[in-house]
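Following: one structure in structure tokens, then a few remarks.
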Amino acid sequence: GRALRSLKRIPPVSGNNLQLTLDAKLQQITEQAFGDRKGALVAIEPSTGGILALVSTPTYDPNLFVDGITPENWKELNEHPSKPMVNRAINGAYPPGSTFKPFMALAALESGKRTPNQAISDPGYFNFGNHQFRDDKKGGHGSVDMYKSIVHSCDTYYYMLANDMGIEAIAKFMGSLGLGQRTGVDLGKDDSGESKGVLPSPEWKKQRFKKPEQQKWYAGETISIGIGQGYNAYTPIQLAQATATVANNGLMFRPHLVRHIADTKTGEKRLVEPKPIRDLQLKLGNIDVIRRAMVGVNKEGTGARAFAGAPYEAAGKTGTAQ
């Protein structure tokens, strides 16, 4: 433990400074709002892909690692039931539930499987084979067009739609939105621990399961995919990127945290220019239909209570998954 002599000394060199896209106040407010609850939030500026807030709770004190973490602290972090070491925003893959429905509706419009005014009669369930898929509202929602299907989150509408579209068409469209793929967010040199999640398809099932009887895709499995359940599993940052892409008229940006890189010697700033990674070539009329419905969610639908009295207009979609 005693220093005997100095063999060599290499003077430290200052690295570049990074200016982030984060809104510090929004980040702080969000962390406070979560409190002790487990969860994640990703807020993205649609026109640039800049991340305004990225939260995963519960978290841990990074200072524990500065001088080498003790075995006791390391064990506690790894074995804690709330898993504070997992970045839920980029590594937690979850069924999207009904937040999936606006994407399904947009896929239906783009493929011509539905028109905005085309309505179904919802008795509160959808029968397929010898199985009954139930709606969350007993007795159903009555006559349901696309607007109402999103605003009041009608499961039966999307059971029928998924059956009509088929799993291949669903997987292709959702893949174009970046679901089931790493976003490439700039949190490290590699994949930053990002999860790919699961974009279900017959090809995925063949790769996922070993036994031939497990590899077959059954038509009944497609039904629950339509309401964001079944094999669906996506990260919060993937859902945020997909939503931002719809908000940005189909122009997709890679989510990123770095806005400027500043040279500490010269003070020169280099802007990390956001470049679109994909243009989905979506029809603006179709996007407007989805936008109006998502605004309706927070005015008269399942999100109305949360946004009651808000001095601004907000579009959104609620979702609960098992």
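- Legend: ring-ring contact (aromatic ring centres under 6.0 Å, His included) pairs involving residues 202-248, not counting sequence neighbours, sorted by first then second residue: Trp204-Tyr231, Trp217-Tyr231.
- By the 6.0 Å contact criterion, CD on Glu300 is enclosed, its count of non-hydrogen atoms from other residues, nucleotides or ligands being greater than 12.
- Tyr94 belongs to no hydrophobic cluster with other residues, because no ILVMFWY side-chain heavy atom falls under 4.5 Å from its own, directly or through intermediates.
- Applying the salt bridge (Lys or Arg N to Asp or Glu O under 4.0 Å) test to residues at least two apart or on different chains, the pairs with a partner in residues 148-157 are Lys101-Asp155.
- With sequence neighbours left out, Gln27 forms a side chain to side chain donor-acceptor pair (under 3.5 Å) with Glu31.
- Within a 6.0 Å sphere centred on CG of Asn78, other residues, nucleotides and ligands contribute more than 12 heavy atoms.
- Leu26 belongs to a hydrophobic cluster whose remaining members, ordered by chain and number, are Leu52; membership requires side-chain heavy atoms of ILVMFWY residues under 4.5 Å apart, directly or through intermediates.
- Listed by first and then second residue, the side-chain hydrogen bond (donor to acceptor under 3.5 Å, both in side chains) pairs involving residues 254-267 are Gln19-His260 (not counting sequence neighbours).
- For Lys83, the NZ atom sits in a loose shell: 12 or fewer heavy atoms of surrounding residues, nucleotides or ligands are nearer than 6.0 Å.
- In this structure, the separation between NZ on Lys210 and CD on Gln215 is 11.0 Å, given to the nearest 0.5 Å.
- Between the side chains of Ser153 and Ser98, at least one donor N or O lies within less than 3.5 Å of an accepting N or O.
- Sorted by first and then second residue, the ring-ring contact (aromatic ring centres under 6.0 Å, His included) pairs with a member in residues 41-66 read Tyr60-Phe65; sequence neighbours excluded.
- A side-chain hydrogen bond (donor to acceptor under 3.5 Å, both in side chains) with Thr183 is found for exactly one of Gln238, Glu194, Gln241, namely Glu194.
- Considering only residues two or more places apart in sequence or on other chains, Ala314 meets the side-chain contact (heavy atoms from CB on, under 4.5 Å) condition with Asn298, Phe307, Tyr312.
- Hydrophobic clustering, defined by side-chain heavy atoms of Ile, Leu, Val, Met, Phe, Trp and Tyr closer than 4.5 Å, groups Val151 together with Tyr147.
- A search for side-chain contact (heavy atoms from CB on, under 4.5 Å) contacts involving Ala262 returns Asn17, Lys269, not counting sequence neighbours.
- With sequence neighbours left out, the side-chain contact (heavy atoms from CB on, under 4.5 Å) criterion links Gln132 to Tyr125, Asn127, Arg134.
- As a member of the Ile/Leu/Val/Met/Phe/Trp/Tyr network built from side-chain separations under 4.5 Å, Val55 groups with Phe34, Leu41.
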